[in-house]
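Since the structure comes first, as structure tokens, the remarks are kept for the end.
Whatever order the structure lists them in is the order used to number ligands and atoms, beginning at 1. Below, each value reflects all heavy atoms present in this structure, side chains not excepted, and no hydrogens, waters or symmetry copies. These numbers come from a predicted model, not from an experiment.
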Amino acid sequence: MHAQIAVLPGDGIGGEVTAEAQKALMAVAELYGHRFSFPTALVGGAAIDQTGTALPDESMDLCRQSAAVLFGAIGGPKWDDPRAPVRPEQGLLALRKGLGLYANLRPVRLYDCLVDASTLKPEVVRGVDLIVVRELTGGLYFGQPSKRFDGPHGREAVDTMSYTEEEVARVVQAACDLARHRRRKVTSVDKQNVLSTSRLWREVAAEVGARNPDITMEHVLVDNCAMQLVREPSQFDVLVTENTFGDILTDEASVLAGSMGMLPSASLGTGKMGLYEPIHGSAPSLAGKDLANPIAAILSAAMLLRYSLDLFPEAESIERAVRQVLDDGYRTEDIRAADTKVVGTRKMGDLIASRITRS
Ligand SMILES: NC(=O)c1ccc[n+]([C@@H]2O[C@H](COP(=O)([O-])OP(=O)(O)OC[C@H]3O[C@@H](n4cnc5c(N)ncnc54)[C@H](O)[C@@H]3O)[C@@H](O)[C@H]2O)c1
């Protein structure tokens, strides 16, 4: 197969981790006889510095012409001025919206050998295998009005959370489709006791559930869900929720997997095109130090092979290589434990690429 994969490294550790993901994809290409090309483009702070905008037209065009996008991370102290008219996140939000990527899949899996990397008790986290489906193109991140202004009582700001039934239905359906290949349980998360959008969410989710009778659908309030995630995470199979709740719950869930550096994601729409990125940000304090864990980005590359290119054995070959390297005792700093060999970003990428084999 020949596929063009757009690489948008972004800022901070983004370039370091996407380089290692690319290494894994090149190893797969060589082993299985595929040809992948990796044109790169600017996004985020790097794009603001060079072009004045967080997502230049050329970057958007490149993504539209590609089979998939491998994304690093954006942001950093240099662009943190809250009053700046152009901000790095605008690039990522415009990309998600422009490409129609409404379902963000965030698997949370704890490798047995990393049980000690979690700050939670081994008996709580052992065997965790859940996936959060975060709605990605609606809610507070896109609702209008969203602005700051001077009101009669001083400074004011407003954000708007809004959802249409179609936006809710399609992402809940995506969650049901995923659950069908797993343990057939979907937990829909909302705040229906307070928010109108959540009452609509619950109503529509229940309707979608009724159209998928083979799936067990349950509804949980987001505050209870946050608590249950650290109390008894193994009760969950697929969680589906709106944009902001999903963002917060998956950072919390990263503790189950040992580190932010372990969690990949796939952002999907109606077609095969997808955007693949680690859930973490640009980790400015680690940037340029060869300290970042590249596994989240590498596992995102595996998701790219599976969801955008339908290359299932190839995706599994990357996931197997990651497991082997961890089983062999190699760790980056963030998941360091007693009696393990701590390596840098590049070395971890090399080790994983070198272990990619056919099963
Ligand atoms: N999708 C994105 O690009 C995205 C997501 C979240 C935050 N951000 C941006 O990133 C910047 C930093 O934000 P933050 O510090 O809140 O979040 P962050 O995810 O960058 O970092 C949170 C913590 O996790 C650690 N961490 C993150 N990735 C890691 C990795 N691969 N290996 C080891 N440790 C890792 C960091 O050192 C830090 O302690 C901000 O500008 C923020 O806006 C971007």
Side-chain angles (χ1 to χ4, degrees), residues 7-21 24 42-49 54-55 59 69-82 84 86-97 99 101 104-106 114 117-119 132 134 136-137 141 243-244 246-267 274-301 322 326 330-337 340 342-349 352:
V7 181
L8 273 59
D11 309 315
I13 61 170
E16 293 169 66
V17 298
T18 47
E20 302 314 313
L42 290 168
V43 69
I48 294 174
D49 285 353
L55 182 69
S59 301
V69 181
L70 187 61
F71 191 95
I74 40 97
K78 185 176 175 192
W79 307 281
D80 260 355
D81 177 2
V86 187
R87 297 175 55 80
E89 314 77 74
Q90 291 166 348
L92 182 53
L93 295 184
L95 204 50
R96 290 168 176 169
K97 191 80 170 176
L99 296 172
L101 305 173
N104 182 218
L105 279 45
R106 298 183 157 198
L114 288 187
S118 175
T119 49
V132 180
R134 170 189 171 195
L136 206 57
T137 52
Y141 286 62
N243 209 338
T244 309
D247 195 11
I248 297 168
L249 289 177
T250 42
D251 264 36
E252 184 192 3
S254 76
V255 177
L256 305 170
S259 166
M260 292 281 277
M262 293 299 298
L263 259 57
S265 86
S267 302
L275 181 145
Y276 300 85
E277 58 172 325
I279 77 150
H280 61 70
S282 58
S285 66
L286 305 181
K289 296 183 181 160
D290 196 36
L291 280 175
N293 184 346
I295 293 179
I298 292 171
L299 292 173
S300 301
V322 169
L326 293 171
Y330 293 100
R331 301 283 188 274
T332 42
E333 196 60 52
D334 55 314
I335 48 174
R336 149 201 291 272
T340 56
V342 176
V343 296
T345 311
R346 286 192 294 272
K347 178 75 177 168
M348 181 56 92
I352 292 169

* **K97 atom NZ: more than 12 heavy-atom contacts under 6.0 Å** => yes
* **Donor-acceptor pair between D11 and W79 side chains, under 3.5 angstrom** => no
* Do R106 and T250 have side-chain atoms, one donor and one acceptor, less than 3.5 Å apart? -> yes
* Asked: Sequence neighbours excluded, which residues qualify as side chain to side chain contact (heavy atoms under 4.5 Å, CB included) partners of E89?
  -> I74, R87
N/O contact list for ligand 1, threshold under 3.5 Å:
{"unit_1": "ligand 1", "atom_1": "1 (N)", "unit_2": "E277", "atom_2": "OE1", "d": "3.4"}
{"unit_1": "ligand 1", "atom_1": "3 (O)", "unit_2": "I74", "atom_2": "N", "d": "2.9"}
{"unit_1": "ligand 1", "atom_1": "10 (O)", "unit_2": "S282", "atom_2": "N", "d": "3.1"}
{"unit_1": "ligand 1", "atom_1": "10 (O)", "unit_2": "S282", "atom_2": "OG", "d": "3.2"}
{"unit_1": "ligand 1", "atom_1": "19 (O)", "unit_2": "G281", "atom_2": "N", "d": "2.6"}
{"unit_1": "ligand 1", "atom_1": "20 (O)", "unit_2": "G281", "atom_2": "N", "d": "3.4"}
{"unit_1": "ligand 1", "atom_1": "20 (O)", "unit_2": "S282", "atom_2": "N", "d": "3.3"}
{"unit_1": "ligand 1", "atom_1": "20 (O)", "unit_2": "A283", "atom_2": "N", "d": "2.8"}
{"unit_1": "ligand 1", "atom_1": "28 (N)", "unit_2": "H280", "atom_2": "ND1", "d": "3.4"}
{"unit_1": "ligand 1", "atom_1": "31 (N)", "unit_2": "H280", "atom_2": "NE2", "d": "3.1"}
{"unit_1": "ligand 1", "atom_1": "31 (N)", "unit_2": "N293", "atom_2": "O", "d": "3.0"}
{"unit_1": "ligand 1", "atom_1": "32 (N)", "unit_2": "N293", "atom_2": "N", "d": "2.9"}
{"unit_1": "ligand 1", "atom_1": "41 (O)", "unit_2": "G76", "atom_2": "N", "d": "3.1"}

Just distance, no hydrogens or angles: give the donor-acceptor pairs under 3.5 Å from side chains in residues 256-264, sequence neighbours left out.
{"unit_1": "S259", "atom_1": "OG", "unit_2": "G261", "atom_2": "N", "d": "2.9"}
{"unit_1": "S259", "atom_1": "OG", "unit_2": "D334", "atom_2": "OD2", "d": "2.5"}

* Quick one: side chain to side chain contact (heavy atoms under 4.5 Å, CB included) partners of K289, sequence neighbours excluded? -> L291
